[in-house]
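All heavy atoms count here, side chains included; hydrogens, waters and symmetry mates do not.
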Amino acid sequence: MALKCAFLLTLTDVVWGQLEDVIIDRYFIPGLCPRDVQVGDFVRYHYTGALKDGKTFDSSLDKGFPFIGHVGVDSKVIPGLNKGVQGMCVNERRKITIPPHLGYGVLGAGDVIPPHATLVFDLHLLDLWNKEDKVQIRTLHRQEKCKRTVMPTDFVRYHYNGSLLVGDIFETSYLQNSTFDSYVGSGSLIKGMDEGILGMCVGERRSIIIPPFLAYGDKGYGTKVPPYATVIFDVLLVDVFNVKDGVKVEVLLIPQTCMRRTAVGDFIRYHYNGTFQDGTLFDSSYSRNSTYNTFIGMGHVIAGVDKALEGVCVGERRRVTVPPHLAYGETGSGELIPGSAVLVFDLHVIDFHNPKDKVFINVTYKPSSCDQKSDANDLILYRYNCSLLDGTLLYSSDVFPEPTRVMLGQGKLISGLDDGLQGMCLLERREITVPPHLAHGSNGAVGIPSSAVLLFEVELLQLQKGVPEGFLFIWVDDGPDPLFPAMDINQDQEVPFEEFETFIKLQVTEGRGRIHPGVNIEDVLRDMFRNQDRNGDGKITEDELNILEDEEKGVSEHVEL
């Protein structure tokens, strides 16, 4: 009997020896498995343990927290589990059947597990790491051009999704509609993120895998990240700067001719596109079809742009990168500019001037002979093109059947153009630059922007010399002395209108006198005659003319004789 029993024991041992390895059913295997469990790794998994008849004796799910163990090292783990977990991938699910000698053997475990019990464990591997692990970085996207990368002490703004190894997202900046902003290397970030974000470019995307001891360790992160959890951050870098940064100016285009550069106190008109470092547009003057107009160096714009506007030429294009401490700082600007944002402005200078500027004249052609020059009260015929300083044509006399005719000094033109047209020779050509305070000012005009500097290309085609304001006729040379006998053609001691008209026209024809241009000569002559015919009897006598000569000569509003 005893022999029989001994034989049975030996047979059982033989049977157990044939089943010494656990039986593994990998009923769910993830599609991606960059790494599997090896001896010496730390693991975190959920489990349900049952007897062969299906009766559950233990479950981490009921406890509300997973098991954390050290594979092949932790003596509290039965050998079968240590073997069964090896080769597992994160998120894999296994059913592990453990024979008694790799479980609780002949003794069992109290009232829970009977002796010689075969155990069945259902495992879901949640996490896997090793003390030798380092931060893993996978670059998902990187810009072709990267002018600057993240360095220690930089300030960064980035979007992120934070997840566990099984894929559960525990936090995301996208739902908050706000970037995460922090200094790098100052202890504000977990150690693994401090390391993983170094070397990133704006616009770059990275997947940063951080082992627990470089993440949230044995404490976890509230209810979001359990203790001893590996975390993955998918990061999109939006912004980077350093508090030591100044304004960065990149000249994109400079005109071939630059007669003058801006200085403090100038008033400038420019177009711009404003973007963040990742290229996102936040504002544009082009969308409003209107330039931005401001004084330079007076604090009317953010400090970085104010500085960058100094020393520019008309037509110049610049890209200006402004760190937040020279822009809108930590608070940003409303909903448009977030706090601590680096701003990039692509500027195009349209024009600028100084309130003290005068009309600038550039003579492009001057004839060799110049007998007369234009002046106030002259009647001129001229052609012109009017444009902005960037070359935009506003108006041209060429679209009309005839060139423009105007009398100078009569307020018919903007004052700057009126001044610029004076002193010209016949057929002379000029470029006349008129600052806005001598043109249409801050209000502009139809088709002319506010505060615009205007450029006129003019050519003087005809010139008819005029008379001073308030006069209809003046002597160019000394008139006849005595005057009345010269006017009294038939010497009958009286001058009717016909004689007066003949006399004046002769003086004009022979160049001894000049009549008011641009008006009907008959109307002028009749006005002149009425002024001399003091008694209104239709003729001028010597006494009437003497009355005029006794008065202060030249004071008459109508005629000087």
Side-chain angles (χ1 to χ4, degrees), residues 135 137 139 142-143 145-160 162 171 173-174 176-206 208 210 214-215 233 235-252 264 272-283 294 296-312 318-347:
V135 174
I137 298 173
T139 301
R142 187 179 176 93
Q143 308 286 66
K145 295 182 179 180
C146 182
K147 297 180 179 179
R148 174 178 181 174
T149 61
V150 177
M151 303 289 288
T153 75
D154 281 345
F155 190 90
V156 293
R157 297 174 53 242
Y158 60 86
H159 275 298
Y160 70 91
E171 194 169 72
S173 65
Y174 293 98
Q176 301 165 13
N177 197 30
S178 175
T179 56
F180 186 84
D181 307 342
S182 176
Y183 286 96
V184 178
S186 65
S188 303
L189 301 170
I190 58 174
K191 292 181 179 179
M193 184 61 81
D194 256 340
E195 180 182 337
I197 208 167
L198 290 176
M200 285 192 78
C201 304
V202 170
E204 182 176 343
R205 292 180 181 269
R206 280 185 179 181
I208 304 172
I210 306 174
L214 295 175
F233 286 95
V235 175
L236 169 61
L237 187 64
V238 174
D239 228 341
V240 57
F241 73 94
N242 197 285
V243 292
K244 297 180 181 179
D245 287 347
V247 176
K248 181 181 178 183
V249 177
E250 181 183 357
V251 178
L252 304 179
V264 172
Y272 70 91
N273 284 323
T275 64
F276 300 119
Q277 283 200 95
D278 65 355
T280 302
L281 182 72
F282 64 81
D283 193 19
T294 187
I296 298 173
M298 297 186 178
H300 297 322
V301 293
I302 58 175
V305 171
D306 215 354
K307 187 65 178 175
L309 288 173
E310 293 182 32
V312 297
R318 286 185 171 187
R319 176 164 294 163
V320 181
T321 303
V322 184
H325 49 278
L326 296 174
Y328 295 98
E330 296 180 359
T331 58
S333 178
E335 297 182 357
L336 193 64
I337 312 280
S340 301
V342 177
L343 307 181
V344 181
F345 292 92
D346 285 325
L347 307 178

Please report the closest heavy-atom contact between [X] and [Y], naming both atoms and the distance.
| X | Y | value |
| --- | --- | --- |
| R157 | P338 | NH2-CG, 3.1 Å |
| V322 | A327 | CG1-CB, 3.9 Å |
| P323 | G246 | CD-O, 3.6 Å |
| G196 | V135 | CA-CG1, 4.2 Å |
| H159 | S173 | ND1-OG, 2.7 Å |
| T153 | N242 | OG1-ND2, 3.0 Å |

Applying side chain to side chain contact (heavy atoms under 4.5 Å, CB included) to F155 and V342, what does each step give before you reach the verdict? CA-CA 10 Å; F155 190 90; V342 177; over 6 Å; no
I need the [X] [atom1] to [Y] [atom2] distance, nearest 0.5 Å.
| X | Y | atom1 | atom2 | answer |
| --- | --- | --- | --- | --- |
| I137 | E195 | CD1 | CD | 6.5 Å |
| D346 | R318 | CG | CZ | 13.0 Å |
| I337 | L343 | CD1 | CG | 5.0 Å |

Among all residues two or more places apart in sequence or in another chain, which pass the salt bridge (charged side-chain N to carboxylate O under 4.0 Å, His left out) test with [X]?
| X | answer |
| --- | --- |
| E171 | K224 |
| R142 | E204 |
| D306 | none |
| K248 | none |

Would you list the atom pairs, donor with acceptor, under 3.5 Å between side chains in residues 275-282 and any protein atom, with sequence neighbours excluded?
| unit_1 | atom_1 | unit_2 | atom_2 | d |
| --- | --- | --- | --- | --- |
| Q277 | NE2 | D239 | OD1 | 2.4 |
| Q277 | NE2 | V240 | O | 2.9 |
| D278 | OD1 | T280 | N | 3.1 |
| D278 | OD1 | T280 | OG1 | 3.0 |
| D278 | OD2 | T280 | OG1 | 3.3 |

Side chain to side chain donor-acceptor pair (under 3.5 Å) contacts touching residues 322-339 (sequence neighbours left out): none
Audit row: D245, R148, side chain to side chain contact (heavy atoms under 4.5 Å, CB included) steps and yes/no: CA-CA 12 Å; D245 287 347; R148 174 178 181 174; 2.6 Å; yes
With a 4.5 Å cut-off on side-chain heavy atoms, are Y174 and L236 touching? yes
Residue pair F345 / I302, side-chain heavy-atom distance below 4.5 Å: yes
Counting only heavy atoms from other residues, nucleotides and ligands, does the tally under 6.0 Å from CE of M151 exceed 12? no
Using the test side chain to side chain contact (heavy atoms under 4.5 Å, CB included), find all partners of V264 that sit at least two apart in sequence or belong to another chain. E310
Please report the C-alpha distance between V235 and M200 in whole Å, then the side-chain angles of each, then the deciding distance to 0.1 Å, and finally whether the side chain to side chain contact (heavy atoms under 4.5 Å, CB included) criterion is met. CA-CA 10 Å; V235 175; M200 285 192 78; 4.1 Å; yes
With sequence neighbours left out, write down each residue that passes side-chain hydrogen bond (donor to acceptor under 3.5 Å, both in side chains) with [X], or none if nothing qualifies.
| X | value |
| --- | --- |
| S178 | none |
| R205 | none |
| D181 | T179 |

All N/O donor-acceptor pairs, side-chain side in residues 182-193, below 3.5 Å, sequence neighbours left out:
| unit_1 | atom_1 | unit_2 | atom_2 | d |
| --- | --- | --- | --- | --- |
| S186 | OG | S188 | OG | 3.1 |

Residues two or more places apart in sequence or in another chain: which of them pass ring pair (Phe, Tyr, Trp, His ring centres under 6.0 Å) with F180? Y158
